[in-house]
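Values reported hereafter were calculated over all heavy atoms of this structure, with side chains retained and with hydrogens, waters and symmetry mates removed. By convention in this document, chain letters (A, B, ...) are assigned in the order of the sequence lines, proteins followed by strands, and residues within each chain are numbered from 1.
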Amino acid sequence: MELIFEKSRPGRGAGCIPASDVAAINIEAVIDRKYLRTELDLPEVAEVDLIRHYTNLSRRNFGLDLGFYPLGSCTMKYNPKVNENAAALPGFTGLHPYAGDEWAQGNLQLMDEMQQYLCNIFGMAEFTLQPAAGAHGEFAGMMMIKKYFEKKGEKRHRILIPDAAHGTNPASGALCGFETVTLRSNNEGGVDIDHLKSLMTEDVAALMLTNPNTLGLFERNIEEVSRIIHEKGGLLYADGANANAFLGITRPGDLGFDVIQLNLHKTFSTPHGGGGPGSGPVGVGKVLVDYLPVPRIVKTDDGYRWSEDFPYSIGRVRAFYGNFNVIVKAYAYIRSLGAEGLKHATQMAVLNANYIKEKLKPYFDLPYDRVCMHECVFSGSRQVEENGIHTTDIAKRLIDFGYHPPTIYFPLIVPEAIMIEPTETESKETLDAFCQAMIIISREARENPQRLKDAPLSTEVSRLDEVLAARKPDVCWKKS
Amino acid sequence: MELIFEKSRPGRGAGCIPASDVAAINIEAVIDRKYLRTELDLPEVAEVDLIRHYTNLSRRNFGLDLGFYPLGSCTMKYNPKVNENAAALPGFTGLHPYAGDEWAQGNLQLMDEMQQYLCNIFGMAEFTLQPAAGAHGEFAGMMMIKKYFEKKGEKRHRILIPDAAHGTNPASGALCGFETVTLRSNNEGGVDIDHLKSLMTEDVAALMLTNPNTLGLFERNIEEVSRIIHEKGGLLYADGANANAFLGITRPGDLGFDVIQLNLHKTFSTPHGGGGPGSGPVGVGKVLVDYLPVPRIVKTDDGYRWSEDFPYSIGRVRAFYGNFNVIVKAYAYIRSLGAEGLKHATQMAVLNANYIKEKLKPYFDLPYDRVCMHECVFSGSRQVEENGIHTTDIAKRLIDFGYHPPTIYFPLIVPEAIMIEPTETESKETLDAFCQAMIIISREARENPQRLKDAPLSTEVSRLDEVLAARKPDVCWKKS
Amino acid sequence: MNYAPHTEEDIAQMEAAVGIADVEELFADIPAKYRLAQLPDIPAPLSEQETIALLNGLSRKNILPHLTLTGAGAYHHFIPAVVGHIINRAEFYTAYTPYQAEISQGILQAIYEYQTMIAHLTGMEIANASMYDGASAMAEAAVLSAKTLNRSKIIIARSVHPEYRAVVRTYCWSNSYEVCEIPFNQTGQIDLDLLQKELAENVAAVLVQSPNFFGVIEDIAPLAEAVHSFGAMLVAAFTDGTALGILKPAGESGADFVVGEGQSFGNPLNYGGPYLGIFAAREKFLRRIPGRLVGATVDKNGRRGFVLTLQTREQHIRREKATSNICSNEALCALAAGVYLATLGKNLQKLAALNVQKTQYLKKQLLGIPGWKEVFTAPVYNEFAVSCPDARLVNEKLKKEGIVGAYELPKSYPELKNALLFCATEMVSKEDIDRVVDIVKGAL
Amino acid sequence: MNYAPHTEEDIAQMEAAVGIADVEELFADIPAKYRLAQLPDIPAPLSEQETIALLNGLSRKNILPHLTLTGAGAYHHFIPAVVGHIINRAEFYTAYTPYQAEISQGILQAIYEYQTMIAHLTGMEIANASMYDGASAMAEAAVLSAKTLNRSKIIIARSVHPEYRAVVRTYCWSNSYEVCEIPFNQTGQIDLDLLQKELAENVAAVLVQSPNFFGVIEDIAPLAEAVHSFGAMLVAAFTDGTALGILKPAGESGADFVVGEGQSFGNPLNYGGPYLGIFAAREKFLRRIPGRLVGATVDKNGRRGFVLTLQTREQHIRREKATSNICSNEALCALAAGVYLATLGKNLQKLAALNVQKTQYLKKQLLGIPGWKEVFTAPVYNEFAVSCPDARLVNEKLKKEGIVGAYELPKSYPELKNALLFCATEMVSKEDIDRVVDIVKGAL
Ligand SMILES: Cc1ncc(COP(=O)(O)O)c(C=O)c1O
Ligand SMILES: Cc1ncc(COP(=O)(O)O)c(C=O)c1O
């Protein structure tokens, strides 16, 4: 498709600006010419062409509303429409963040209740809604840990991170100036307890654990892990991206976690928007409450208000109060489902994952053959060895069957990983049809490997040259 | 695609009903069992499947927002998004029609002003906004004519309708009990004046004229036509479906028309919704004002109110006041464009049509080679004779080029008609590309006629068996 | 605003291609003296920002009620969010009538599904793709009956919505048919004895509504029998489709045509329009019913597909011989209804039951007020008539509290003095009702 | 509500296939004593109707102002209708990050176009696909400068948005960088002399904002020169992107990074989020900048296509060696910004000029009130600081009339007593301004 710039014609335009109702002034009389720009290079298109451009672009995009999207670790559950409508209410969208607390009592109540619900669901003492996404929450959480030790006057330099962890974990730790040490997984996909013991010293601030981990497996030895960490004065950090696996079943706070970041855009069904916005609330146990970002909501006799009066706070991680509009959607979700609904969602998510695991086990290698939680991770190794077909080929071929591919090549500890997270909002028929497609593809790998290598065959573009993109980067269009 | 019924599974469901907050009662205690139904056969699907079903259906539908839609006589101009937003304002959508005039002063003002604007644009004395679509307006207009003669005590049985007229014209006339007599077109596509003279008697109530007519040609002899009709005491009815050809250029009221119906969903840019809702206001000259449908808006010192107090009215043609929400969009359109904008729209619509006419003239037969107004009508006769290719083949092949086909086989007086109405919202580039496609198709007709007969090649279904559909009608799905 | 994309340069190039020096030349066919310089009295153009501000201002001149207790042909029901999300898909709402089936499978299939749901719901074999509204659908059924039977008298129950009766009268007048009204009895149902008396060989159709304008459920089966014994058609209408969630459809009781208003199915009140005319019929009328029909068929590879079918019934083929003149219909409202019905599914039954419960509660509370009496005795769905000492005053009091009160029956039934028609849907809470009763009692 | 589609029968069949008798068994890995029977203190489930009623109730507990005169980092601009229509396309908003390029060309191309528009607007060569917000974008630029140059001191103008400074401080603290603030002078611009004094070889970056928090336009070119003479980076921020419609972009004046808040481009106020962090840089930083980048490439048939590129910079490849930890960004807000900018096109210039006109008018009117004085002398865009006898009282009066008044500068600048920061965008009419002045004067 042509770029919007290529459709531009001098003199066209869509948005028209109202005539001024105040006295006309010469801009140069109020702003020195040296501050003014000389040209403005933006596309000039008529409204109809603009709408067609973006509407047709949208049709070249696969969304959850088109079909199954089993992207592991991303919890692509259905995004209920009522939540969208709630968040679009003018009372929520129209308020300036500095309007003053008296104007915003509805928003403040919603945020306060949301924090309370999250505390109840995760067993934490307090929550902040400020971080804009999961990784932002990790960063905030790790800073609180840093501050905690700073406050205690302890200098701890290292953090432990399992080899299966998401890349943002070490990145977030590093951003806080921690040295990250990789913790090995054992042969059943859990923490290697001996390795943990050997690494856990008084120089270690925390273990960042994803539980269930990115293999979709619950850490059976969580009590022991928690004991080992805490005995050495360390803290236990939970990457809560996988929280869809345990809502209403167990609570990280009860399991010994001191801090957890969530991804509302995963667990709490807010849409992912093609890459964001998300929202990454962070919950903390009592030991970390003092370090939460400011401002925090306090409840007084005349209602809610924002307060910055928390001297040990890490400060702010962004301007204003968080991705408020995303939080509205998650709030609506929690209220619609209620306690039972949240638990049922988790149960069905886990049932769905295990169902897929059982159905596909005969056709693909399953490195850790245990009951899984919300996702299961296969390996495409057999197909590489036997058919010279890579996981990427399988993924691309799935597109032709009308599915978004699973997450691939992650976690890094599984060679040729195929990470499938169905979520609870998919029906048995959908799973059956998807498994059928996977089985057909496993047969095609043997019988017609070239078709897989040529896949996808049904899209506007075929496989794109990523090497070229990285070698000769073109990230900004230039008139030729 | 599967039908929604085929996706249904017992026990599933999307909408969940709130629990009752009033005392539970046994329905059979208040409604005799004989009045109650025993089964309710509706689909049972989860919300995610419902959304995917309809979203995927939408993707199998071509709309104006996807591309050029030169469907002649339908004025598929761009539907501005601001109008959609205006009509969705809760103040407009939320009011009950019987709320009472005091609650509805905004709506009443809008409708009153809308009537006034339409009077000004079309040169009529009064407008009603009640009819729900163009044909409904025709019906209302013809009834007013009938009432007019009834009131005068004249019995006139016949109406004249040109052979090029849209089928709704005779149908509407017939619904009013008139006998319809077909008026021939002359060799330049206008009214055959001699034939008109010979038909115009004191038994003729009216001539229903579309001007410009469905060939896109303006009736040059309109003064004479008007004189002939009026001299014999008849009335002149304008089918205003083609009003996009003359906004701000001329006014039917000035040209001698006594009544006109509009199609807001054409001329005034309200979207057509895949077949409706439309809106078909009717404007009348002074002679017909008394017969307008009730209720009518009257302006008093305390604001606007509805009145039924018009003893000669034809009565009601539908419940309540018209397709109000559609009228809001048309009102917003008129206000955004203003007088200049409306005129400019018409000028560009006519320029676009003539541009296409000139570009395609060498490749397709043009039965009436004159300056056209908002649309031009070609004939595919040459392709039939030389290549055995029919207009329908050309139309279907256009789909493969990404266009909605023009109107075909209408008007009936042009064999193998291809009726192209570009509207003003299409750019020169769009017209050039479309003409290019038409030219390629005219070449394919010679060089590869089979490809045209096989077209469309790019759609989910290929040409459908319409004969089977009509011979063994299946208009309601049955469980098999 | 200006939605035409033409630049100066485009215009010049196009004028050259057309062989003119100025666009004005294209209008030479219009006699010069009728050519305008400028449209009179049309306000100046507005930017988008000004347009929406203007419209927003107008919309705020309306008073949006906290609560609406009027039904009477238009109903305040909850609309699930999915409905709006689907009908706002540009591929649906910016399309024309699906004349080109291959690129219109979306709306065609959706309408085929809608037809099926409506047929199921009404207990009929077929349903069309929609009519303008309930009133015109009823009128079309009357006209069709008369044309089919070649008879010229239409009987209509006085308990039918007053505006529907008015529309039927208009359509019948234009066709020179006679219309005769049959009163209701003290149950609120049509007076069967009087109907029997009026029935004759020249009667083409009997038009009833159930639940009728008073919310009263009519007993269709005996009516059908009486009507059929004279070879006439029974046309049964409804105004609130949610009633079909629990009520036996007229189709099962012998109606020949079931018509109605589909607004309740996912379409907002919209101050009266656009609404959705529902038209269902017995199979035998397939080739005669007005409006569009979508039919299933196959493509040349045997794949199922959908087309507009039996268009020979339509005016653009049959011209003056068409059975109706309807062309554009209410497709998008029908789509909304289809989505609504698919969303609720069998829960439509629960929804209807909830309406009954709220209504019974409201009725009980109101009848507890001194001087308030039931007007009719037959069972009702979600509307009912009560008489009270001063009907106008009740509505005045409610209005002061931001509540649209009941429909004042004397407006169209002078014989029902001080009678009010109340409606309670699922949108009305117990709290609302208690408040209403307090207001009416003067306690607030 | 329950969005899981499982019927009883489905569950039974799936349990059988998995080889369990009850779903509970799947949770056996969780130590029994930590398994909950029921979540404590979560309210009961709600139907959709109840959910929207609840949320609607909450939204109405807010007071929506008639007029907002506060800018200060979030701006009330008009959003063309097209923006909402596009970002509500389900294919866009229900998609994840475009990891699978072949079925994500829509968002990828749109973001590539967005990157291009942002680069043009800011006068830079490259821009990323978005950051969380303006404040965190600025902080990331500071951290990146320090890492790139291996220096540990960050200088920030005191005229930068207070919350941006706070965020920069947080990010720098976590990296153990020192932060030093440079005051503004009486023009409202950064004090260049003091900056010169503070500049040294250990300074990684100087962070300024223009128009700055006071609305004052900074003179970037001499700053860049000074900063570069010490080999440090100049990071220039903006909070209202519409200013770029008329103002010379910092990129043209020598900034190394231009960061900013893109909320003004088609994103609603939303009580502070989601907003859009803009990050543009010189070409040479291409492989080091944080966040995602979309790049153009070709498929095997030579067709142009787009991919997420240079992901080696990203955490999921580089882990602890990544330059930033950002993963999910604000893609949909960036899409909105792209649509907004494409809609306005060159009209962005007119819009910016209109903002200047309204602002000048407001300023002139306010300065006409006795006791009101200008605080700074340098030119402003659409915000300006004024001092008055009693700043709090002014806002109290405005509040009574449903107007969100000015930002009270003493909150974050105790040195600016009784100073108010006013903002006037195109949403403020002359009538509004005249009314405001009347209210402030006590005339209303
Ligand atoms: C396990 C895990 N942790 C953290 C993240 C980061 O979350 P976000 O993308 O919201 O920053 C993700 C998401 O990709 C994840 O899957
Ligand atoms: C010339 C003409 N007249 C009348 C009509 C009927 O209008 P509607 O479809 O709105 O009933 C049409 C539309 O098809 C038309 O093109």
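Between the side chains of C:Glu24 and B:Gln347, at least one donor N or O lies within less than 3.5 Å of an accepting N or O. A donor-acceptor pair shorter than 3.5 Å can be found between the side chains of C:Lys61 and B:Gln109. Judged by distance alone, the side chains of C:Glu15 and B:Tyr355 never bring a donor and an acceptor atom under 3.5 Å apart. C:Asn62 and B:Asn107 share a donor-acceptor pair across their side chains, judged by distance under 3.5 Å alone.
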>> Does C:Ile11 form a side-chain contact (heavy atoms from CB on, under 4.5 Å) with B:Leu351? I'd like the steps, not just the answer.
In response: CA-CA 8 Å; C:Ile11 295 175; B:Leu351 181 59; 4.1 Å; yes
>> With side-chain hydrogen bond (donor to acceptor under 3.5 Å, both in side chains) as the criterion, how do B:Asp474 and C:Tyr112 come out once you've worked through the C-alpha distance, each side chain's angles and the decisive distance to 0.1 Å?
In response: CA-CA 9 Å; B:Asp474 166 5; C:Tyr112 176 83; 2.7 Å; yes
>> Apply side-chain hydrogen bond (donor to acceptor under 3.5 Å, both in side chains) to residues B:Ser462 and C:Asp299 and explain how you reach the verdict.
In response: CA-CA 6 Å; B:Ser462 55; C:Asp299 77 356; 3.1 Å; yes
> For B:His272 and C:Ser328, what are the C-alpha separation, side-chain angles and deciding distance, and is it a side-chain contact (heavy atoms from CB on, under 4.5 Å)?
Replying inline: CA-CA 8 Å; B:His272 207 278; C:Ser328 286; 2.9 Å; yes
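Taking a 6.0 Å sphere around CZ of C:Arg60, one finds it holds 12 or fewer heavy atoms contributed by other residues, nucleotides or ligands.
C:Glu163 pairs by the salt bridge (charged side-chain N to carboxylate O under 4.0 Å, His left out) definition with B:Arg316, not counting sequence neighbours. By the salt bridge (charged side-chain N to carboxylate O under 4.0 Å, His left out) test, B:Glu460 is found to be paired with no residue, residues two or more places apart in sequence or in another chain being considered.
Taking the side chain as every heavy atom from C-beta outward, B:Phe92 and C:Tyr271 never approach each other to under 4.5 Å. Side-chain contact between C:Leu247 and B:Leu36 is present, with heavy atoms from C-beta onward closer than 4.5 Å. At least one side-chain heavy atom of B:Val475 sits under 4.5 Å from a side-chain heavy atom of C:Thr309.
Residue contact with chain C, scored on non-hydrogen atoms closer than 4.5 Å, involves the side chain of B:Glu47 exclusively. When heavy atoms are compared at a cutoff of 4.5 Å, B:Asn85 approaches chain C by way of both its backbone and its side chain. Heavy atoms closer than 4.5 Å to chain B are found in the side chain of C:Leu335, but not in its backbone.
Counting only distance, with no hydrogens or angles, the side chain of C:Thr51 and the backbone of B:Val82 share no donor-acceptor pair below 3.5 Å.
With chain B as partner, the option from C:Lys350, C:Lys300, C:Lys346 having the largest number of non-hydrogen pairs under 4.5 angstrom is C:Lys346. Per-residue counts of heavy-atom pairs under 4.5 Å with chain C were compared for B:Ala174, B:Ala339, B:Ala132, B:Ser20; the largest is that of B:Ala339. Among C:Cys333, C:Ala28, C:Ser104, the residue making the largest number of heavy-atom pairs under 4.5 Å with chain B is C:Ser104.
By the 30° and 60° cut-offs, the orientation of the rings of C:Tyr275 relative to B:Phe320 is perpendicular. Aromatic ring orientation, B:His344 versus C:His6: perpendicular (interplanar angle above 60°, classes split at 30° and 60°).
Between C:Ile103 and the options B:Thr459, B:Leu66, B:Asn61, a side-chain contact (heavy atoms from CB on, under 4.5 Å) holds for only B:Thr459.
The CZ atom of B:Phe410 lies 9.5 Å from the OH atom of C:Tyr99; values are rounded to the nearest 0.5 Å.
Under the 6.0 Å distance and 45° angle rule, B:Lys146 counts as a cation-pi partner of C:Trp173.
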